[in-house]
Every structure is written in structure tokens, then in C-alpha cells.
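Order of appearance sets the numbers: ligands from 1, and atoms from 1 within every ligand.
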Amino acid sequence: MIEGIGHGKVILFGEHFVVHGAPAIAGGIANRAIVRIKRADNNSIVTKQKVVPEYSIAGINSVLGSLGVTEKYEVHLEGDLPTYGGLGSSAAFCVGLVRAVAKENGVKLNEDEVNKHAYNGEKAFHGNPSGVDNTIATHRGVVEFRRGTTPAESKFEFITLKTPMHLAVSFSGEYSATAKMVAKVQQFKDDNQEEFAQLVDEYLEIFALGKKAIETGNIEEVGRLMNANQALLKELGVSYEHNEKINAIALRAGAFGAKVTGGGGGGCCIALAESNDHAEKIAELIRQAGFESFATQIVKKD
Ligand code: PMV
């Protein structure tokens, strides 16, 4: 079967604040969606992962429509990127699918074209995606992202990663309901305008220092700022009990920083570790507490 690959992502800084105009920083992780296809009479999805088949089929239709391909495919989703939400798995799936279908049809696409078609697929999953996930699923690397009033006006800028970043990624057990959490933060903003503005100001300071720390390879400082970002997410009400529990285990195990990544309200957490071995150790302790957890790295731009 013909194969295409897309990478997962984590948000290091700025989930939720990015919805309200602040910049965020997201990074591609080593975990990948591997998409294998074969021609069939109808489009279908075959996977051991938890997916919503209607969304997957809609995503396949959108990708094929965007590529102008009229063939139909049995699409197999494999790889080591879990689909629990928060890790950009739908975007990684779309990128893998674009690459596989282009290859199968002898179409040569540059990376920007892969990204554009994958974005069209993402719309079937998320309606109005910001575009950060498909950009990272295509290029990997670390991206500073600013949302525009329309997705086309959103801006991405790659940040050079000075040193490898080792992470333990954990799943709270509750599938992240990003839209619900976005609505919750909007409510918080409506009810507490002054406090929200102050939290945004605090976040902007964290963002500026965080960007510098990534660029200079000051991992300890990145971790400290992740913790500061996490405190703000807690105030916004998107860090739930399981998120707090996971972060506490990671910090006790010597993580430089630990936070919710993505929408929160459950979903996923990340912990920044000193080395791959350290990330494995943190992940093991989190697994012992009953949560899924794995070690991974943020990977450099291709
Ligand atoms: O849960 P994810 O990985 O889709 O991330 C959501 C990030 C938010 O800032 C909460 C929402 C958004 O559209 O940026």
C-alpha cells in the first residue's frame, strides 16, 4: 500500500490566549500518523485508534476534493500518534493522506501545497481550524503562531530550536472537548473582563520570555515559563483535577515544567524533561498513577 506521513504537535505556550489574539508557540513531536491507502469502490477508514468514522470519511472526501482526485480509497490509519485530542492527530492524518494520494496519482506537491490541501481536510474535522496543526504536521519544527481574523490572515513564523526538547506527554483519560473549553474561557472573559486582560498581559510576558528561552536553548527557563503559563490556564478554569495530578507527578519527578497542552478540560498534558531517559522515567511514574503517558521529543523543521 502507498504510504504518507504527518506529525503530531504540542502547544508549548498560549493555548486559549491565542484565540483572543495573543501569539502561541507550538512544536511538532516525533509521533506520527502513518496513512496507507489502496483503491476501493468507496472511501473508508480502517484503524485500531479511536476515531469518529463520519469525520474521517468527511476528511477523506475533503482531501480528495481539494486534490481534484476522483478515485476512492480504503484508508488505513496507523502510527504512534494517539487520537485523544490536543495532539493534532486529525491534521497529521490529513497530511499523511495528502502525501499518500498525491504519490498514488503521480502528483508532485511541494510542502506548502501539502499543507494547503491538508488544511482543506482539517476543515471537515474542525470547521474553522486555525491552521497551526496542519502547518506543523507538514513541516514539523517550532512555530510562533498568530491567528488572523480569517485563517488566511493567520501568521506562522518558524523558531529555530537550539537544543532538543524531551517531553512526557500524558492523557488525562478525558477526551478533550476543545470547543467547550474555548466557550468556557469566553464566558470567563465576559464575566471578568479586567482580570482576563491582566491574565493576557501576564501571558504576553511569558510568551516573550519563552520564545527567547527556546531560541537560546535555556530549557530550564522554558520549563519555568511553562509552569507560569499553566498557572494562568488554571485560573481560566481549563486545567481539571486529572491535569493537576499529572503535572504534580511530573514536577515531583524533576520535570522543568508541566502544563496542559491544547484545549484542556482533561485532554493532554506535557512535561519538559532533561533527557529522553528522564522523560521515560516521568512517563513511567504517570502510568503507575493510572494515566497513559509516553516520552517523545520536539523535532526540528525538515
Ligand atoms: O486541543 P487542540 O490541540 O485542538 O488545541 C486547542 C487550542 C486552543 O487554543 C484552545 C483553541 C484554538 O483554536 O487555538
Side-chain angles (χ1 to χ4, degrees), residues 6-29 31 33 50-52 55 59 81-95 118-119 121-138 142-156 167 169-189 196 199-200 203-204 206-207 210 226 229-230 232-240 242-243 246 259-270 296 298:
H7 283 263
K9 71 106 212 327
V10 294
I11 297 181
L12 289 169
F13 296 107
E15 50 276 278
H16 289 290
F17 291 101
V18 69
V19 174
H20 302 274
I25 297 179
I29 53 175
N31 301 70
K50 182 171 166 174
V51 299
V52 181
Y55 287 159
L81 178 65
T83 54
Y84 5 78
L87 302 179
S89 56
S90 57
F93 171 70
C94 291
V95 167
Y119 178 76
E122 261 283 83
K123 284 195 219 164
F125 289 90
H126 292 308
N128 185 16
S130 62
V132 65
D133 285 11
N134 45 280
T135 299
I136 290 181
T138 304
V142 179
V143 158
E144 173 183 340
F145 173 77
R146 273 170 212 264
R147 192 181 183 157
T149 6
T150 64
E153 289 167 23
S154 295
K155 294 218 173 1
F156 307 105
L167 299 173
V169 177
S170 308
F171 176 47
S172 66
E174 294 158 279
Y175 280 76
S176 146
T178 300
K180 196 171 132 198
M181 289 300 117
V182 169
K184 189 173 180 186
V185 173
Q186 181 65 50
Q187 191 63 52
F188 179 98
K189 182 182 178 183
F196 187 79
L199 292 178
V200 171
Y203 169 69
L204 290 174
I206 291 168
F207 163 80
M226 280 168 61
N229 191 158
Q230 168 62 18
L232 303 184
L233 292 172
K234 193 173 173 190
E235 289 202 41
L236 290 179
V238 299
S239 183
Y240 281 12
H242 285 168
N243 301 113
I246 288 168
K259 65 183 276 293
V260 158
T261 192
C268 291
C269 289
I270 49 173
T296 192
I298 290 190

>> Is there a side chain to side chain contact (heavy atoms under 4.5 Å, CB included) between Arg146 and Ser154? Walk through the geometry before answering.
In response: CA-CA 6 Å; Arg146 273 170 212 264; Ser154 295; over 6 Å; no
Counting both backbone and side chain atoms, is some N or O of [X] under 3.5 Å from an N or O of ligand 1?
X: Glu15; result: no
X: Ser130; result: no
X: Ile11; result: no

Which ligand 1 atoms, with their elements, are less than 4.0 angstrom from a heavy-atom of [X]?
X: His16; value: 8 (C), 9 (O), 10 (C)
X: Gly263; value: 1 (O), 2 (P), 5 (O), 6 (C), 10 (C)
X: Val18; value: 9 (O), 14 (O)

> Out of Thr261, Val19, Leu87, who gets a non-hydrogen atom closest to atom 11 (C) of ligand 1?
Replying inline: Val19
> Of the listed options (Thr178, Val185, Leu233), which comes nearest to atom 4 (O) of ligand 1 when hydrogens are ignored and any heavy atom counts?
Replying inline: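 Among Thr178, Val185, Leu233, the closest heavy atom to atom 4 (O) of ligand 1 belongs to Thr178.
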>> Evaluate Ile11 against Ile25 for side chain to side chain contact (heavy atoms under 4.5 Å, CB included), listing each step before the verdict.
In response: CA-CA 6 Å; Ile11 297 181; Ile25 297 179; over 6 Å; no
>> Please evaluate residues Glu144 and Lys155 with respect to the criterion salt bridge (Lys or Arg N to Asp or Glu O under 4.0 Å), reporting the C-alpha separation (whole Å), side-chain torsions for both, the decisive distance (0.1 Å), and the verdict.
In response: CA-CA 8 Å; Glu144 173 183 340; Lys155 294 218 173 1; over 6 Å; no
>> For Tyr84 and Phe171, take the angle between the two ring planes, folded into 0 to 90°, and tell me which bin it lands in: parallel under 30, tilted 30 to 60, perpendicular over 60.
In response: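 Ring orientation of Tyr84 relative to Phe171: parallel.
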> Taking the inter-plane angle between the rings of Tyr203 and Phe17 on a 0 to 90° scale, is it parallel (under 30°), tilted (30 to 60°) or perpendicular (over 60°)?
Replying inline: parallel
>> Can you tell me if Gly86 contacts ligand 1 (heavy atom of the residue under 4.0 Å from the ligand)?
In response: yes
> Does ligand 1 have a heavy atom under 4.0 Å from the side chain of Met181, from its backbone, from both, or from neither?
Replying inline: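 Neither part.
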>> Return the CE to CG distance between Met181 and Leu233, rounded to the nearest 0.5 Å.
In response: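 Met181 CE to Leu233 CG: 11.5 Å, rounded to 0.5 Å.
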>> Please report whether the ring centroid of Phe207 lies less than 6.0 Å from that of Phe13.
In response: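 They do not qualify: ring centres at least 6.0 Å apart.
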